[in-house]
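This report concerns only the one structure given below.
So you know, we letter chains A, B, ... as the sequences are listed, proteins then strands, and number each from 1.
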Protein chains: 2
Amino acid sequence: MQRGESITSEELLIWPIMAVTTGVLSLQHLLEDGRKTIAALFMQGDIIDMRGMGNRQRGHLIALGKTGICRLAPQEFETVVDHNLGAHKVAWNSLRNQACRAMDHAADLAKKQALEKLASFLFECRRHQAEDRVHIPLRRIDLADYLGMQPETVSRSFKDLQARGIIALESISNLRILDFPTLRRIANGDKNTQNQRQGQEAGFKPAKIS
Amino acid sequence: MQRGESITSEELLIWPIMAVTTGVLSLQHLLEDGRKTIAALFMQGDIIDMRGMGNRQRGHLIALGKTGICRLAPQEFETVVDHNLGAHKVAWNSLRNQACRAMDHAADLAKKQALEKLASFLFECRRHQAEDRVHIPLRRIDLADYLGMQPETVSRSFKDLQARGIIALESISNLRILDFPTLRRIANGDKNTQNQRQGQEAGFKPAKIS
DNA sequence: CGACGTGTTGAAGTCCCTCAAGCCTGGTGG
DNA sequence: CCACCAGGCTTGAGGGACTTCAACACGTCG
C-alpha cells in the first residue's frame, strides 16, 4: 500500500483480520467539520482484528507510507488460532499490547501539554528501535493528528526541545536524544524541568550544542 | 472493593487476570506534579489482563465506587481459555472491545473540545444502558480526569448542555437526553450546532422544554 | 521552471485552566 | 432531630497555552 491509500469497508468485510509486515498503518477518525485525528498507529507485528467494524463508524485504516499487510478471512484466522497454540499467544499478546498502547496514549492526550506529549511520543518511537537515535515514521501533519495538536505546535515543540539542547534534529524524520533524563522528566510531566530553558531567559547566550 | 481502594502490585503479580462483576474500575496514571488522569474505565464483563504490568509503571487500578471483581492466576486463566472455546472467545472479544474503546477514547481526547468530549461520553455511557436515561457512574472529578479536563469545565459543560435544552439533569448522576440528534452532532464535532444556543443570544426567551 | 504540498515562522484570538470563594449534600455526633 | 463538618460541586474573574490565520521557505515532481 502507498501513502494515503485506504482500506475500504468492502475489503474489511472480506478480510477483517490483518497483520502489518512493514510500514505504518493508521486508524483515522474524521469529525464533521473536517478535523482529523489518528486514533492509533499500527506497526510491524501488529495483528488487527476489525471484525464487525467494517460497516460501523469506527474510522478508516489508512497507510502512512509504504506499508505491507497480510490479510486473513475470519475462518482462516480462527483455524490458525485454534490449532496453533503459539499463534494464539502471539495474537493475544499483540491485541493486549495494542490495548495498553491505546490506554497509554489516551493518558498522554488527556492532561499533558504539547511538549510533554511530544516527549512521550519520542519514547514511544524509541521502543521499536535502539540507541539514542530516533526515527519518526510520520509526517509532521500526521504526528499532529496523532498527538491531538496542530502542525504548527508540533514544529514549535521540536524547536523548543532543540533550543534547550535536549534533542538534535538530524533530518526531518531523524533525531538524536542528547539529554535523556530531562526528556524523560518532561514526558512524565515534571513542571520544574519545563520552564528552565538552559538559562536562556536569564540572559545567557544559548549554548549552541553542536 | 470500596471507592478509592487500589489493587496493589503484589496482588497483580499473583492474580494479574481479573473480571469486573459490578461497579467501575479505573486505570489511573499520575504525573510527577500531581496531575491525575484516568486512562481507561472497566465495567461489568470486562476481563483485564495485566500480566507483566504489575511492576512496570503502567498506572494503578483503583475502584470508583463499590466494585466486585473476580481474580485469576495466570495458570487458571490459561487452563480455562485453552479448554473452553466459548471462554476463549469471550476473553478475546472483551480485550478487543477494550482496545477499541481505548482508541475511540484517544480520538475523543485528541481534537475535541470540552462540550464535544462530554457529549461523546454520554453516548459511551448510554451503550451500557437503554432508553434516553443516562446514569453516570463517576463523580465529576473522576469524569474530569477521564475526559482530560478540569472539574470546573465539566460542570460548565453540563450547565451549557442543559441551558440549551439538550439534556435535563435529574440528579448529580442521572440525566435524560432531550435532544438526541443535536447531542449526536455535537459529539461528532459539528461546529454549526455548537454555537447556536437555542436562539438565546438573539434575545429570544429560552423555550424551557419541560 | 512553476506548481504543489509540506514545514516553518509570526501575530492575534479563543478556549480552557487556574485560583479563590460560596454552595450543596451526606455523614457524624451531640 | 438538628447542628456541624468535610468533601465535592458550582460560579466567577484573570491569565496562559494552544489554535487560527496568513505568509514565507524548502524540496519534489510534473
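B:E116 and A:R35 are joined by a salt bridge, as a carboxylate oxygen and a charged side-chain nitrogen come within less than 4.0 angstrom of each other. A salt bridge links B:R101 with B:D46: the closest approach of a Lys/Arg side-chain nitrogen to an acidic carboxylate oxygen falls below 4.0 angstrom. Using a 4.0 Å cut-off between a side-chain N of Lys or Arg and a carboxylate O of Asp or Glu, A:K36 and A:D145 qualify as a salt bridge. Between A:R156 and A:D160 there is no salt bridge, since no side-chain nitrogen of the basic residue lies less than 4.0 Å from a carboxylate oxygen of the acidic one.
In this structure, B:D142 and B:R156 both approach DNA chain D, and ranking their closest nucleotides by distance from the 5' end singles out B:D142.
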Collect all protein-nucleotide pairs involving nucleotides 4-6 of chain C in which both atoms are nitrogen or oxygen and the distance is under 3.5 Å.
residue, atom, partner, partner atom, Å
C:dT6, OP1, A:R139, NH1, 2.4

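Contacts of B:K89 classified as side-chain hydrogen bond (donor to acceptor under 3.5 Å, both in side chains), with partners at least two apart in sequence or in another chain: A:E78. Looking at residues two or more places apart in sequence or on another chain, you find a side-chain hydrogen bond (donor to acceptor under 3.5 Å, both in side chains) between B:R71 and B:E11. When the side-chain hydrogen bond (donor to acceptor under 3.5 Å, both in side chains) test is applied to B:S26, the partners found at least two apart in sequence or on another chain are B:Q28. Considering only residues two or more places apart in sequence or on other chains, A:R96 meets the salt bridge (Lys or Arg N to Asp or Glu O under 4.0 Å) condition with B:D49. Remark: A:N188 pairs with no residue by the side-chain hydrogen bond (donor to acceptor under 3.5 Å, both in side chains) rule, at least two apart or across chains.
Taking a 4.0 Å limit (strictly below) on heavy-atom distances, residues 145-153 of chain A reaches DNA chain D at A:G148, A:M149, A:Q150, A:E152, A:T153.
Annotation: side chain of B:L161 is in contact with side chain of B:I186 (closest heavy-atom distance under 4.5 Å).
For B:Q113, whose side chain is taken as the heavy atoms from C-beta onward, the closest listed nucleotide among C:dC15, D:dC18, C:dT18 is C:dC15.
The interatomic distance linking B:F158 (CZ) with D:dC9 (P) rounds to 10 Å, in whole Å. Between the CD atom of B:E116 and the P atom of C:dC15 there is a distance of 11 Å, rounded to whole Å. Atom-to-atom, CG of B:L143 to C1' of D:dG8 comes out at 14 Å; the value is rounded to the nearest Å. The nearest whole Å value for the distance from the CG atom in B:L118 to the P atom in D:dC9 is 14 Å. To the nearest angstrom, P of D:dC9 lies 13 Å from CG of B:L169. Whole-Å rounding puts the A:D160 CG to C:dG10 P distance at 14 Å. For B:K112 and C:dC16, the NZ to P distance is 14 Å, given to the nearest whole Å. The distance from atom NZ of B:K111 to atom P of C:dC16 is 15 Å, rounded to the nearest whole Å.
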Please output the side-chain donor-acceptor pairs of residues 59-67 of chain B that fall under 3.5 Å, not counting sequence neighbours, one pair per line with the distance.
residue, atom, partner, partner atom, Å
B:T67, OG1, B:V24, O, 3.1
B:T67, OG1, B:G65, O, 3.0

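No side-chain donor-acceptor contact under 3.5 Å links B:S120 and B:E124.
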Produce a footprint string for nucleotides 25-30 of chain D: one letter per nucleotide, 5' end first; B if the base is under 4.0 Å from any protein heavy atom, S if only the sugar-phosphate is, - if neither. ------
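The side chain to side chain donor-acceptor pair (under 3.5 Å) contacts involving residues 165-178 of chain B comprise B:R133-B:E170, B:H135-B:N174, B:E170-B:R176, B:S171-B:N174, where partners must be two or more places apart or lie in separate chains. Applying the ring pair (Phe, Tyr, Trp, His ring centres under 6.0 Å) test to residues at least two apart or on different chains, the pairs with a partner in residues 136-192 of chain A are A:H105-A:Y146, A:F121-A:Y146, A:F123-A:F180.
Donor-acceptor pairing under 3.5 Å, judged by distance alone, is absent between the side chain of B:R35 and the base of C:dT18.
Axis angle across the helix from C:dC1-D:dG30 to C:dG30-D:dC1, with five pairs used at each end and values rounded to 10°: 40°.
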